[in-house]
Chemist: 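First the structure, which I've put down as structure tokens, then a few questions once you've had a look.
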Protein chains: 2
Amino acid sequence: MNEKPDTKSRILDSAEKLFGLNGFEATSLRDITAEAQVNLAAVNYHFQSKESLIDAVIARRIEPVNRRRFEMLDAAGPHPSLEQILTAFVGPLLDQDLSSVVPLMGRMMSDPTQFVERVFKKYLTPVSRRFQEALHEELPDLPRSELMWRLFFTGGAMAHTMSWSQVLSEVSGGLCDVTDRGALIERLVAFAAAGFRVPALEPAVMKGKG
Amino acid sequence: MNEKPDTKSRILDSAEKLFGLNGFEATSLRDITAEAQVNLAAVNYHFQSKESLIDAVIARRIEPVNRRRFEMLDAAGPHPSLEQILTAFVGPLLDQDLSSVVPLMGRMMSDPTQFVERVFKKYLTPVSRRFQEALHEELPDLPRSELMWRLFFTGGAMAHTMSWSQVLSEVSGGLCDVTDRGALIERLVAFAAAGFRVPALEPAVMKGKG
DNA sequence: GTCTATAGGTTGATAGAC
DNA sequence: GTCTATCAACCTATAGAC
């Protein structure tokens, strides 16, 4: 029963777990090789550097997520509802049973200065473009900047939930249960969809007393 | 005209800037003392350790923010509107002209495992409690867990915006302008308020096809 | 309070035997 | 492919002169 995967996979698994738990900078290669019960030099043999290892850890998880996003959006037909679009956007990321993937992705999305060049321009740009198009078709009256802001807010709520998933139950006094991922996705989609349906703000109107 | 503040303030200012720019772990004390044009040993004289310095940098900015949050909530009277409550929650954090404060706070909120013990239980618990009460009075039919989740989503959208503020204009192709903070706050409050007003999800009802 | 000098430890990466 | 041993660079923190 396949007790010992190969060294390369063991390194990826341990790195994913520790990066998600403690962050990328705070996790040393020695921490990783100790957890993986693998020799230190194996990291630089299979991957060239810590930076490349980080990229490999992220790529392994983000590629299937993006694939599922497009699949779900396609499966919703030519005129998907707002809820279907948003579910295709947040669902594949949040609906993962591998507990270490979610915090890892949260760490990644919360550190833009480190990843915007190496990761986001490669993996997130096509996703953002495609989902902006779908949203624009469903909400044609919403200005593009407003649409972009709201997609960003939605991504923020999602990223924050992923970053905090390990401690959320504790800090919420048990009110927030992260383990029921189906309910979580429905909650977030309902919240975001309502925000998207707000008519665009008109600056002149807002000047009245708050 | 007060060209050179004292060493202690210079360290705090430089630390705030570099922590926000590159993160806490990635910023060394040497980076900070070089930026501040101050001797390395001065850090351990004025603060005892890097960890204490981080706490001091955060405390200096979060305390006035929390004070303003309570002031704004009090100023809204005994029955504040949902928009007034949310503005009091997100406004004081986002409405800061010091450009380094916003990314710093974003970094802090995005690293729960590091700060949940040292920072959040001290500074965020009373805020969370007070705003939960206010929200519950305004939305008495919303279950507490649902309310907590939505407050969390709102905080996530806010934290994400702060973390990304330095690169958001670039990655959005110029669509998102972070400099107009008044408009940003209105946008986020409108988005979140709509999400809060969604009736509580009833699990049984959701089982129909999406 | 501010400096120099340095202790003491950890890091990422590599050379070379097997 | 996997190991041991090690390097050079960097880190935080401190002792002690001024």
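Numbered from 1 within each chain, the chains take letters A, B, ... in sequence-line order.
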Chemist: Determine yes or no for a side-chain-to-main-chain donor-acceptor pair under 3.5 angstrom, with Gln84(A) supplying the side chain and Ser81(A) the backbone.
Modeler: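 Confirmed, Gln84(A) side chain pairs with Ser81(A) backbone.
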
Chemist: Check Arg130(B) with Asp74(B), please: is the shortest side-chain N to carboxylate O separation under 4.0 Å?
Modeler: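 Yes, Asp74(B) and Arg130(B) are salt-bridged.
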
Chemist: When you measure from every atom of DNA chain D, which of residues 30-46 of chain A have a heavy atom less than 4.0 Å away?
Modeler: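 Listed by number, they are Asn39(A), Ala41(A), Tyr45(A), His46(A).
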
Chemist: Suppose we call two aromatic rings close when their centres sit under 6.0 Å apart. Are Phe24(A) and Phe115(A) close by that rule?
Modeler: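 Yes - the distance between ring centres of Phe24(A) and Phe115(A) falls below the 6.0 Å cut-off.
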
Chemist: For residues Trp164(B) and Phe120(A), establish whether the separation of their ring centroids is below 6.0 Å.
Modeler: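 When the ring centroids of Trp164(B) and Phe120(A) are compared, they turn out to be within the sub-6.0 Å range.
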
Chemist: Please determine whether a side-chain nitrogen of the Lys or Arg among Glu63(B) and Arg67(B) lies less than 4.0 Å from a carboxylate oxygen of the Asp or Glu.
Modeler: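 No, no charged N to carboxylate O under 4.0 Å.
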
Chemist: Suppose we screen for side-chain contact (heavy atoms from CB on, under 4.5 Å). Which residues come up paired with Ser110(B), at least two apart in sequence or across chains?
Modeler: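 Scan of Ser110(B) (side-chain contact (heavy atoms from CB on, under 4.5 Å), adjacent residues dropped) gives Ser110(A), Ser163(B).
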
Chemist: I need the single residue from Asp6(B), Thr7(B), Asp13(B) that forms a side-chain hydrogen bond (donor to acceptor under 3.5 Å, both in side chains) with Ser9(B). Which is it?
Modeler: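 So, applying the side-chain hydrogen bond (donor to acceptor under 3.5 Å, both in side chains) to Ser9(B) and each of Asp6(B), Thr7(B), Asp13(B), only Asp6(B) qualifies.
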
Chemist: For the pair Glu35(A) and Arg10(A), evaluate salt bridge (charged side-chain N to carboxylate O under 4.0 Å, His left out) and give the outcome as yes or no after the intermediate values.
Modeler: CA-CA 9 Å; Glu35(A) 163 87 22; Arg10(A) 305 254 303 286; over 6 Å; no

Chemist: Identify, between Ala26(A) and Gln48(A), the residue whose nearest nucleotide on DNA chain C lies closer to the 5' end.
Modeler: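 Per heavy-atom nearest nucleotide, the more 5' residue is Ala26(A).
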
Chemist: Rounded to whole Å, how long is the line connecting atom CD1 of Ile11(B) with atom P of dA13(D)?
Modeler: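 Answer to the nearest Å: 13 Å.
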
Chemist: What range of DNA chain C does chain B touch, first nucleotide to last, counting atoms under 4.0 Å from its heavy atoms?
Modeler: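 Contact boundaries, 5' end first: dG1(C) to dT4(C).
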
